[in-house]
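First comes the structure, then the notes that go with it.
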Amino acid sequence: MVYNQTWQAVKINTMDTKDKLLSDLKASKGAWISGELLSRKLSVSRAAISKHVSKLRQVGYDIESVPNKGYSLKNVSDLLLAEEIRDGLETKIFGKKEIIYFTETDSTNTKAKEFASKGAPEGTLVVAEKQTMGRGRKGRSWFSPESDNVYASIILRPKIPPSEAPVITLLSAVATAEALISLTDLKPRIKWPNDILINGKKIAGILTEISMEMDAVDFIVVGIGLNINTKKEDFSREIKRLATSVFIETKKRFSRAKILGEYLKWYETYYDIFKEKGFKPVSSRWKELTDIIGKRITVDMISKKYVGRVVDVDDEGVLILKDDKGKLHRIYSGDITVM
Ligand code: BTN
């Protein structure tokens, strides 16, 4: 597939010389490797090795070079590069297919939808360092400063009717929570349908967008915005009240690529479970990760507002609310506030 170069997309499918060089430098764990050895291993000239080292430096790899010693990788790049996302990635498909990387884009969801409508396969991942028009649910904007957080969208092509699509949103929330549990000491909780909260503040949001053909899903784009290294002072006063980041909660900087890789791993795990066994096993985990059941809430919908107690979230991801007159309502989407 050919992507429009003006989008600054970088498509990486196979290991080229630069990737192999990086992999050799990583394997030597900071020890020196001579230019001669690298040139023999990779069957390219020493000048070519030096050119590829320069390219790696340009994208943030800290590589030292000393005459008669060779090259040593001191630090990997902080950027959300495909090489870093793929390093140690334990998936079969997600992140193993195409990773389309933008230094800056309007919205990874918008781009992923464009690629999907041109036939990009399931598992294609679109990532960006910065979004200029990051989108949230209900037409809101998503705070997307450069190189601090994860802005990523996955293309899915599940063979399900559109009515089942909401469960994909809940599945995404479970995968996000699992990734944070695996890599940090944080205790994420899910707020229906798919906000991830730490101590009541939002650390991640998910935007699911569906394209339908007749009565089948053509593709689904699941976009995740995960606040990782944003500092408190970087949020506006308004966002500060509501949002947090892994850094704010743990006082530690985390590798965005590692967290995204972990998310992809959990995503694929739950997606496979969903395809094989349906939503029930995923919804059981979702329920363990939420505090919403039994809580009194208000639900703001476009034209209505409900007040009542949450009885359940069913196996289709629908919130069941009992209002004060005892009447049950099935809520498919909306903003909830716990009272
Ligand atoms: C929410 O409102 O909670 C959903 C926020 C989703 C933000 C992510 S960032 C990556 C992807 N691209 C977007 O424009 N939005 C999603």
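Since the structure is predicted, the reported quantities are computational estimates derived from the model, not experimental observations. Atoms within a ligand are numbered from 1 in the order they appear, just like the ligands themselves.
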Close aromatic pair by centroid cut-off 6.0 Å: Phe235 and Phe143: yes
Ring pair (Phe, Tyr, Trp, His ring centres under 6.0 Å) contacts touching residues 308-338 (sequence neighbours left out): Tyr306-His329
Listed partners of Phe94 passing ring pair (Phe, Tyr, Trp, His ring centres under 6.0 Å), at least two apart: Tyr267, Tyr271
Those protein residues which place at least one heavy atom below 4.0 Å from ligand 1: Ser107, Thr108, Asn109, Gln131, Gly134, Arg135, Gly136, Arg137, Trp142, Tyr151, Ala152, Ser153, Asp195, Lys202, Gly205, Ile206, Leu207, Gly223, Ile224, Gly225
Geometric cation-pi criterion, Lys280 with Trp286: 6.0 Å, 45°: no
Sequence neighbours excluded, every pair satisfying salt bridge (Lys or Arg N to Asp or Glu O under 4.0 Å) that has a member inside residues 119-131: Glu104-Lys130, Glu122-Lys275, Glu129-Arg256
Donor-acceptor pair between Asp106 and Gln131 side chains, under 3.5 angstrom: no
